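All residue numbers in this chain count up from 1 along the given sequence. Because only heavy atoms are used, hydrogens play no part in the values below, and waters and symmetry mates are left out as well, while side chains stay in. Predicted model, so just to flag it, every value in this text is computed and none were measured.
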Amino acid sequence: EFDAAAPIASPGGTFDWRSVLVTPPGAFFQMRSDRLMLLSRGGEVSWAGSPVQDTLALYPDIAGVAFVRDLDQVAFACNNAAGNDGVLLIYDLSNQQWFVDTIGAKIDAITEYQGRLVYVSGGTVFLQDAAIATSAGALPTIRLETASLRPFGPLGLGDVLNVKLLGTFLGNCTLEAFISYSDGARWESLGSYTVTIADASPSVLDPTGIALGMVTKEWVPYRRTVDRFRLRFDVTSATN
């Protein structure tokens, strides 16, 4: 039997049934073309997809969604209105963080198989790698973007002295940092680094530091006193 129906305070309902997925935190659904919402187990509706609103507006057609339990991630297969390009919106439930994977073609279907993400594009089945590749050419182009940060309180001002990024070295790449003081409306480049094997410090897994070593880079913003800021990091694979 179904439980008795109960009213839920929500700004809207489901825009596309293909966007609906039930996960441990609750049910995800697309409320309108640029909004991904989360209906919690307690019956509260929140705007979970606000950090990827602009991307979803460009790729509003959700072909499907999958929950990769082994990685604790939700993946939305999104296509543009023309139907010739697609992206994967990945939401990490553990860290509550969004990632965008560019596909460059329409995504026809998506699912989870044996703990790995699988999608179909142009009649070809693509299966997520079982292990991390460490060659330079294996690195994809990655963009990491934070939400707007207000570490000084809603009405306070403070100084941003520096920005540091700690990562794991998997191959040669170019790493560029950006900062926005306008909630992502305008970005300012803080400069870029060419990261090579020489930048990777030894790690427990690889004492030589050639792969899986830790890399730390630092940037100093030109503007220090702010009330809020947002950060973005672009990682581009090297060609050699």
| field | ILVMFWY network linking I103 to I142, side-chain heavy atoms under 4.5 angstrom | value | yes

| message | Is there a side-chain contact between R116 and L127 in this structure, where contact means two heavy atoms from C-beta onward sitting under 4.5 Å apart? | response | yes

| query | Shortest non-hydrogen contact from A66 to L117? | reply | CB-CD1, 4.2 Å

Show me the side-chain donor-acceptor pairs of residues 48-64 shorter than 3.5 Å, one per line, residues at least two apart or across chains.
residue: Q53; atom: NE2; partner: D34; partner atom: OD2; Å: 3.1
residue: Y59; atom: OH; partner: D85; partner atom: OD2; Å: 3.1
residue: D61; atom: OD1; partner: R18; partner atom: NH2; Å: 2.7

| Lys/Arg-Asp/Glu bridge criterion (N-O < 4.0 Å) met for E112, R69 | no

| field | Distance in Å, L149 CG paired with D227 CG, rounded so as to fall on 0.5 Å steps | value | 11.5 Å

| message | Determine whether a donor-acceptor pair (N or O, by modelled atom type, separation under 3.5 Å) exists between the side chain of S180 and the backbone of R230. | response | no

| request: State, with a plain yes or no, whether a side-chain heavy atom of N84 is found less than 4.5 Å away from one of K106. | output: no

| request: Enter the distance from L93:CG to D72:CG here, rounded to the nearest 0.5 Å. | output: 4.5 Å

| message | What I'd like to find out is whether the side chain of I107 reaches to under 4.5 Å of the side chain of L88, using heavy atoms alone. | response | yes

| request: With the side chain counted from C-beta on, respond yes when S189 and E176 share a heavy-atom pair under 4.5 Å apart, and no when they do not. | output: yes

| message | Both conditions, 6.0 Å and 45 degrees, for the charged tip of R32 above the ring of F15: are they met here? | response | no

| Side-chain touch V195/F169, heavy atoms, less than 4.5 angstrom | yes

| said: Applying side chain to side chain contact (heavy atoms under 4.5 Å, CB included) to T146 and R232, what does each step give before you reach the verdict? | reply: CA-CA 6 Å; T146 70; R232 194 184 89 201; over 6 Å; no

| query | Would a 4.5 Å heavy-atom cut-off, applied to side chains only, mark F233 and L165 as touching? | reply | yes

| said: Is the shortest side-chain heavy-atom distance between I110 and V118 below 4.5 Å? | reply: no

| Nearest heavy atoms of G26 and L38, plus distance in Å | C-CD1, 3.8 Å

Would you give me the side-chain donor-acceptor pairs under 3.5 Å for residues 218-225, sequence neighbours excluded?
residue: W219; atom: NE1; partner: G191; partner atom: O; Å: 3.1
residue: T225; atom: OG1; partner: D159; partner atom: OD1; Å: 2.7

| query | Quick one: do V65 and M31 end up in the same hydrophobic cluster if we chain Ile, Leu, Val, Met, Phe, Trp and Tyr together by side-chain heavy atoms under 4.5 Å apart? | reply | no

| request: Find the distance between OG1 (T23) and CZ (R41) and round it off to the nearest 0.5 Å. | output: 7.0 Å

| Quick one: which of D234, V100, V235 gives a side chain to side chain contact (heavy atoms under 4.5 Å, CB included) with R143? | D234

| task | Could you pull out the closest heavy-atom pair between D16 and S19, with the gap in Å? | result | O-OG, 2.6 Å

| query | Counting distance only, does the side-chain N/O of T168 pair as donor-acceptor with the main-chain N or O of M214 below 3.5 Å? | reply | no

| note | Sequence neighbours excluded, the answer for ring pair (Phe, Tyr, Trp, His ring centres under 6.0 Å) partners of F126 is Y119

| field | Nearest-0.5 Å distance, OG1 of residue T236 to CG of residue N172 | value | 13.0 Å

| query | Is D199 salt-bridged to K217, going by a charged N under 4.0 Å from an acidic O? | reply | yes

| query | In terms of hydrophobic clustering (I, L, V, M, F, W, Y; side-chain heavy atoms under 4.5 Å; direct or indirect links), are F152 and L231 co-clustered? | reply | yes

| task | Check the pair T14 / Q30 against side-chain hydrogen bond (donor to acceptor under 3.5 Å, both in side chains), numbers first and verdict last. | result | CA-CA 6 Å; T14 302; Q30 185 182 19; over 6 Å; no

| message | Would F229 and V160 count as a side chain to side chain contact (heavy atoms under 4.5 Å, CB included) here? Give the steps. | response | CA-CA 9 Å; F229 62 96; V160 180; 3.7 Å; yes

| said: Assigning hydrophobic clusters by single linkage (Ile, Leu, Val, Met, Phe, Trp, Tyr; side-chain heavy-atom cutoff under 4.5 Å), is V120 placed with V87? | reply: no

| query | Is the distance between the ring centroids of Y91 and F76 under 6.0 Å? | reply | no

| query | How many angstroms lie between atom OH of Y193 and atom SG of C173, to the nearest 0.5 angstrom? | reply | 13.0 Å

| said: Would a single hydrophobic cluster contain both L175 and L144, if residues Ile, Leu, Val, Met, Phe, Trp and Tyr are joined by side-chain heavy-atom contacts under 4.5 Å? | reply: yes

| Over all atoms of both residues, closest heavy-atom pair of A75 and I90 | CB-CD1, 3.5 Å

| Nearest non-hydrogen partners of V74 and F67, listed with the distance | CG2-CD1, 4.0 Å

| Nearest heavy atoms of F99 and D92, plus distance in Å | CE1-CB, 4.1 Å

| Atom pair CG/CD of L39 and E44 - distance to nearest 0.5 Å | 9.5 Å

| said: I'd like to check W98 versus L89 (side-chain heavy atoms, cut-off strictly below 4.5 Å). Are they in contact? | reply: yes

